[in-house]
Amino acid sequence: MPFDVLIQQICNGLVLGCVYALVSIGYTITYGIIRLINFAHNSIFMLSMYFAIVFVTMLALPWWLGFIIVIALTAIMGVLTEKLAYHRLRNRGAPTSTIKIAALGVSYLIDNVVIVIFSGRPKQFPTVDLLTDVFEIGPVRLQRTAIIVPLVVLVLLVGLTWFLNHTKPGLAMRAVSRDMEAARLMGIDVDKTIAFSFAIGSGLAAVGAILWGQRYTSVIPTVGSMPGMKSFIAAVIGGIGNIDGAVIGGMLIGMIEVMVVAFFPALSSYRDVFSFCLLLIVLLIKPTGIIGEKVADKA
Amino acid sequence: MNVLETRHVTMRFGGLTAVDDLNIVIEEGEIVSLIGPNGAGKTTCFNVITGIYQPTEGEVYFYGEKLNGKRPDQVASIGISRTFQNIRLFKTMSVLDNVMCATHFNRRSGLFANVLHLPNALKEEGVSREKAMQILQEVGLAQYADWKATSLPYGMQRRLEIARALISEPKLLLLDEPAAGMNPKESDELADFIFEIKDKFHITVFLIEHHMKLVMKISDRIYVTQYGKTIAMGTPEEISNNPLVIQAYLGEEG
């Protein structure tokens with residue numbers, strides 16, 4: 001493979017991995033805190049793409065303002081799913097399996113509302129030239145996303161890590177994920193903390209969706225399912241409940257997906273298969289994921 | 001002033017009455033113990049006081065304020081802290097973080113406010129770190145601040161749990177079997193430690209304990225329960241001479 005193509009592919013893998021990493025953090029946070037595999041997370045991802053179409057394309061807001069609104073609104077939607085569905089079930093002592101099924105229900109609900117409102121026909125995601133312009137370093141031609149996406153993700157990850165380690169709400173999130181009842185007895189407002197973690201997870205998914213949309217511009221109501229599934233796999237491979245693990249898993253999945261296609265073009269229609277195979281292999285070798293630890297599945 | 005008062009508190013789980021007509025009064029500055037055989041409903045009593053369970057009947061008052069209907073985090077933030085029978089530290093978090101997360105600065109500002117007003121949040125974080133270090137200093141754990149909580153030896157984990165309970169400046173400290181699993185020397189140290197923090201932090205202490213030597217040494221008064229019912233109350237001397245108590249502990253022949 002020529003050198004310039006290899007560099008391009010590495011960058012592609014990096015960008016894809018970054019997006020998976022952002023989305024998988026949402027899965028891992030909700031699992032870490034309330035042991036919920038949030039099946040609605042991919043719908044939240046999809047929803048934010050439609051929000052972007054509404055605010056940036058239809059209402060013609062400046063892209064940066066539009067995207068800020070999209071991120072905030074998506075975070076609020078994440079909190080709403082928690083408040084309207086999961087929180088109520090939890091309060092009535094529903095077992096986690098019930099809440100997982102509810103998450104599936106929430107996912108279908110969001111998907112179908114979007115279909116009703118926007119129809120199933122593909123829409124164009126509002127791309128931003130500032131992000132998608134191509135530049136050249138010697139023989140290598142790259143889209144600006146190759147630089148900007150990893151930078152954005154890096155900043156967000158550093159910010160998130162700092163937040164978790166150095167602020168009271170961050171500390172509360174870690175405490176709740178360790179022992180919810182003990183945290184409550186130490187005076188931590190557990191419900192608020194859980195809602196906050198949904199806001200963070202959904203907000204990051206929105207950033208992921210916006211970055212994803214710069215590359216894959218066609219938006220349909222099922223647009224979230226594949227990246228959502230891959231990100232979930234990334235979270236599991238990395239060790240679900242663990243944020244570093246989610247990032248490592250995301251990068252791994254993104255990179256492998258791109259590289260398989262780059263080196264074996266004949267297999268390109270099997271690209272998704274590799275992610276799932278990787279999942280099975282990792283789980284067989286290390287069931288808790290790459291840097292996961294054994295956590296009790298608290299009911 | 002009565003710090004804690006339970007009036008006719010009854011807790012039923014289906015057909016099982018775990019706590020039956022419990023009437024406890026604890027005055028400011030006292031150390032009061034609740035003893036009784038396993039399954040006597042002692043921990044259930046703590047769970048009712050701290051708001052984990054709402055009592056089936058009866059009321060709980062804290063400095064005259066009714067606790068019924070309050071959530072555990074609300075009970076904690078008005079001044080009741082507790083430790084657990086089986087130590088429940090936040091594993092994998094550092095000793096310092098364990099203590100810090102129980103500070104209640106966020107009573108004033110909401111979660112979002114906390115994040116949006118970054119300078120304020122930073123200041124609060126600094127203050128609570130300082131306060132946590134101070135508490136660790138006073139319980140003799142300062143040099144382990146960066147250790148993982150679970151890497152501390154057992155006795156120190158107990159101490160850390162108490163430190164975590166103290167940082168929210170409680171008026172009442174509930175200790176659920178603090179001497180469980182301790183050897184005689186450790187439990188002697190624990191007794192001194194409880195006296196020490198009681199004076200230093202001006203708190204009232206209510207504890208559940210099986211370790212009779214400890215109970216007799218530190219308690220001002222003792223309540224004895226059996227099958228959810230209170231069978232005796234009095235000073236350590238009164239309790240150790242009470243025939244009902246001797247019978248409950250040693251059986252009929254005793």
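Just so it is clear, the values below take in all heavy atoms, side chains as well, and ignore hydrogens, waters and symmetry mates. Chain letters run A, B, ... following the sequence lines, proteins first, then strands; residues in each count from 1. The shown structure was predicted, so the numbers you read here are calculated from the model rather than taken from an experiment.
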May I ask you to check whether over 12 heavy atoms, not counting those of B/Lys200, lie within 6.0 Å of atom NZ? yes
Contact class of B/Ile52 relative to chain A, heavy atoms under 4.5 angstrom: side chain
For the CG atom on B/Asn86, are there more than 12 heavy atoms of other groups (residues, nucleotides or ligands in this structure) within a distance under 6.0 Å? yes
Given the options A/Ala175, A/Gly170, A/Ala182, A/Ala183, which has more heavy-atom pairs under 4.5 Å with chain B than any of the others? A/Ala175
What is the distance from atom CZ of A/Arg178 to atom CG of B/Asn98, rounded to the nearest 0.5 Å? 10.5 Å
Verify side chain to side chain contact (heavy atoms under 4.5 Å, CB included) between B/Thr92 and A/Arg174, making sure each step is shown before the conclusion. CA-CA 10 Å; B/Thr92 73; A/Arg174 284 159 61 212; over 6 Å; no
Which pair of heavy atoms, one from A/Lys168 and one from B/Cys101, lies closest together, and at what distance? NZ-O, 3.9 Å
A/Met186 versus B/Ile167: any side-chain heavy-atom pair under 4.5 Å? no
Using every non-hydrogen atom in the two residues, find where B/Phe90 and A/Asp179 come nearest and quote the distance to one decimal. CE2-O, 3.6 Å
For B/Glu130, does the CD atom sit with more than 12 other heavy atoms under 6.0 Å from it, leaving out its own atoms? no
Residue pair B/Asp73 / A/Ile188: nearest heavy atoms and the distance that separates them: CB-O, 3.3 Å
Distance (rounded to the nearest 0.5 Å) between A/Leu185 CG and B/Asn47 CG: 7.5 Å
Test item: B/Arg71 and A/Asp189 side chains (from C-beta on) under 4.5 Å apart, heavy atoms: yes
